[in-house]
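A short write-up of the structure that comes next.
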Number of protein chains: 2
Amino acid sequence: MNTQRILEDTLRTARQSMTTPRQAVFDALQHHRSLTMRELVMACAHINRATIYRNVELFEQLGIVTRIPNGWKYRLELGEKFLDHHHHATCHNCGASIALPEDPSLELHLNELASRKNFKLESHQVELLGLCYACQT
Amino acid sequence: MNTQRILEDTLRTARQSMTTPRQAVFDALQHHRSLTMRELVMACAHINRATIYRNVELFEQLGIVTRIPNGWKYRLELGEKFLDHHHHATCHNCGASIALPEDPSLELHLNELASRKNFKLESHQVELLGLCYACQT
DNA sequence: ACAAAATTGCGACATATTTGCAAAAATAAT
DNA sequence: ATTATTTTTGCAAATATGTCGCAATTTTGT
């Protein structure tokens with residue numbers, strides 16, 4: 001099933017309208033792997049900033065978009081409906097955000113950690129911080 | 001060794017002065033387990049906001065303070081000089097930040113994940129998101 | 001107690017995010 | 001296809017968060 005279809009279905013199911021700004025936000029994220037809020041606003045020229053913020057929040061609730069930690073800020077990425085679950089490493093020299101391969105055993109591990117505290121796990125974030133290969137010279 | 005002593009030694013070793021604002025920031029964090037920046041500013045009444053920001057940054061570099069992820073924001077906590085390394089779960093109903101027990105095998109796991117990508121790991125953040133026990137009713 | 005060095009407070013600025021509300025667009029009904 | 005209803009947008013202003021230069025104050029080393 002193509003991504004456009006998933007987007008439309010997700011919105012319809014949640015009884016939300018499909019609008020030009022929403023399409024623009026989605027397109028920008030689809031074309032750029034990940035963006036900061038600022039970059040997203042620039043990528044969606046002509047669309048009001050407040051509208052973008054509101055739609056990012058909506059998309060996050062619907063699982064269309066995920067905020068990934070990046071230092072003490074965050075970046076935006078399409079959610080698991082579109083991209084496989086994964087984590088990121090942030091290079092604190094060049095700032096790059098590197099996608100890490102899926103690791104099922106890590107997921108199991110976190111599930112177990114949560115259940116030991118009677119915590120009902122719904123999602124999680126892992127961020128590795130250090131130096132990417134290129135910056136290790 | 002008591003915490004006050006560790007604080008003073010850490011500052012002295014780094015050739016930084018011990019001042020009233022720095023003591024206040026440290027005390028606030030020691031008494032409240034974790035605080036948002038806003039809460040810290042309120043807890044340190046009479047101390048200038050810019051000074052608090054500057055000292056938090058200094059403390060972070062010296063390992064006195066750590067920023068822990070809390071949704072897409074962060075909270076401040078004393079660092080590993082004072083508290084054992086641990087992660088947190090955030091309840092997205094009541095907002096509570098729950099400290100999780102140390103888990104050495106999780107640490108190993110993350111080290112391995114990093115080395116598979118030739119990434120030089122210096123630190124990491126793990127945040128579980130979901131419902132705390134009290135909010136699961 | 002003194003001089004040198006480090007730190008603070010202030011006020012202004014920059015950036016990020018949120019809000020109320022009237023206008024515009026999308027959806028549902030006819 | 002047009003109209004009525006509901007949702008969403010744009011705007012402008014408010015709030016929040018973080019940063020900066022610099023003179024005044026505090027701390028440190030002698």
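Sequence lines set the chain letters: A, B, ... in the order given, protein chains first and strands last, and positions in each chain run from 1. Being a predicted model, the structure only gives us computed values, none of them experimental.
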Exercise. Separation of B:R49 atom CZ from D:dT17 atom P, in whole Å?
Worked result: 9 Å
Seminar exercise, completed: salt bridge (Lys or Arg N to Asp or Glu O under 4.0 Å) filter on A:E60, not counting sequence neighbours, yields A:R67
Throw together a table of side-chain donor-acceptor distances under 3.5 angstrom for residues 36-46 of chain B, partners on residues two or more places apart or in other chains.
from, atom 1, to, atom 2, distance (Å)
B:T36, OG1, B:E39, N, 3.0
B:T36, OG1, B:E39, OE1, 3.4
B:E39, OE1, B:T36, N, 2.8
B:E39, OE1, B:R75, NH2, 3.3

Exercise. Just wondering, are more than 12 heavy atoms of other shown residues or ligands nearer than 6.0 Å to CZ in B:R116?
Worked result: yes
Exercise. Who pairs with A:F119 by ring-ring contact (aromatic ring centres under 6.0 Å, His included), at least two apart in sequence or on another chain?
Worked result: none
Problem set entry | Centroid-centroid distance, B:H109 to B:H124, less than 6.0 Å | no
Exercise. Do any of residues 61-76 of chain A sit with a heavy atom less than 4.0 Å from DNA chain D, and if so which?
Worked result: none
For this session: Within residues 33-42 of chain B, find the residues that approach DNA chain C with a heavy atom at under 4.0 Å, and present them sorted by residue number.
Result: none
Please output the side-chain donor-acceptor pairs of residues 88-98 of chain B that fall under 3.5 Å, not counting sequence neighbours, one pair per line with the distance.
from, atom 1, to, atom 2, distance (Å)
B:H88, NE2, B:E77, OE2, 2.7
B:H88, NE2, B:H86, NE2, 3.1
B:T90, OG1, B:N70, ND2, 3.3
B:T90, OG1, B:E127, OE2, 2.6
B:H92, NE2, A:E122, OE1, 2.6

Problem set entry | salt bridge (Lys or Arg N to Asp or Glu O under 4.0 Å) against B:R22, all qualifying residues, sequence neighbours excluded | none
Exercise. Quick one: hydrophobic cluster around B:L108, which other residues, with the 4.5 Å side-chain cut-off, linked directly or via members?
Worked result: none
Exercise. What is the distance from atom CG of A:L110 to atom CG of B:L106, rounded to the nearest 0.5 Å?
Worked result: 6.0 Å
Problem set entry | ring-ring contact (aromatic ring centres under 6.0 Å, His included) involving B:F26 - partner list, sequence neighbours excluded | B:F82
For this session: Mind checking the NZ-CZ spacing from A:K81 to A:F59? Nearest 0.5 Å is all I need.
Result: 11.0 Å
Exercise. What is the per-nucleotide protein-contact pattern of nucleotides 4-10 of chain C, from the 5' end, where B denotes a base atom under 4.0 Å from a protein heavy atom, S denotes such proximity for sugar-phosphate atoms only, and - denotes neither?
Worked result: --SSSBB
Seminar exercise, completed: Closest heavy-atom pair, B:T51 versus B:P21, reported as atoms and distance to 0.1 Å, is CG2-CB, 3.8 Å
Problem set entry | Pairing residues for B:R12 by the side chain to side chain contact (heavy atoms under 4.5 Å, CB included) criterion, not counting sequence neighbours | B:E8, B:D9
Protein-nucleotides 2-4 of chain D N/O pairs closer than 3.5 Å?
none

For this session: Would you tell me if any nitrogen or oxygen in the side chain of A:Y53 comes within less than 4.0 Å of OP1 or OP2 on C:dT18?
Result: no
For this session: Give the rounded distance in Å between these two atoms: CD of A:Q23 and P of C:dA26.
Result: 12 Å
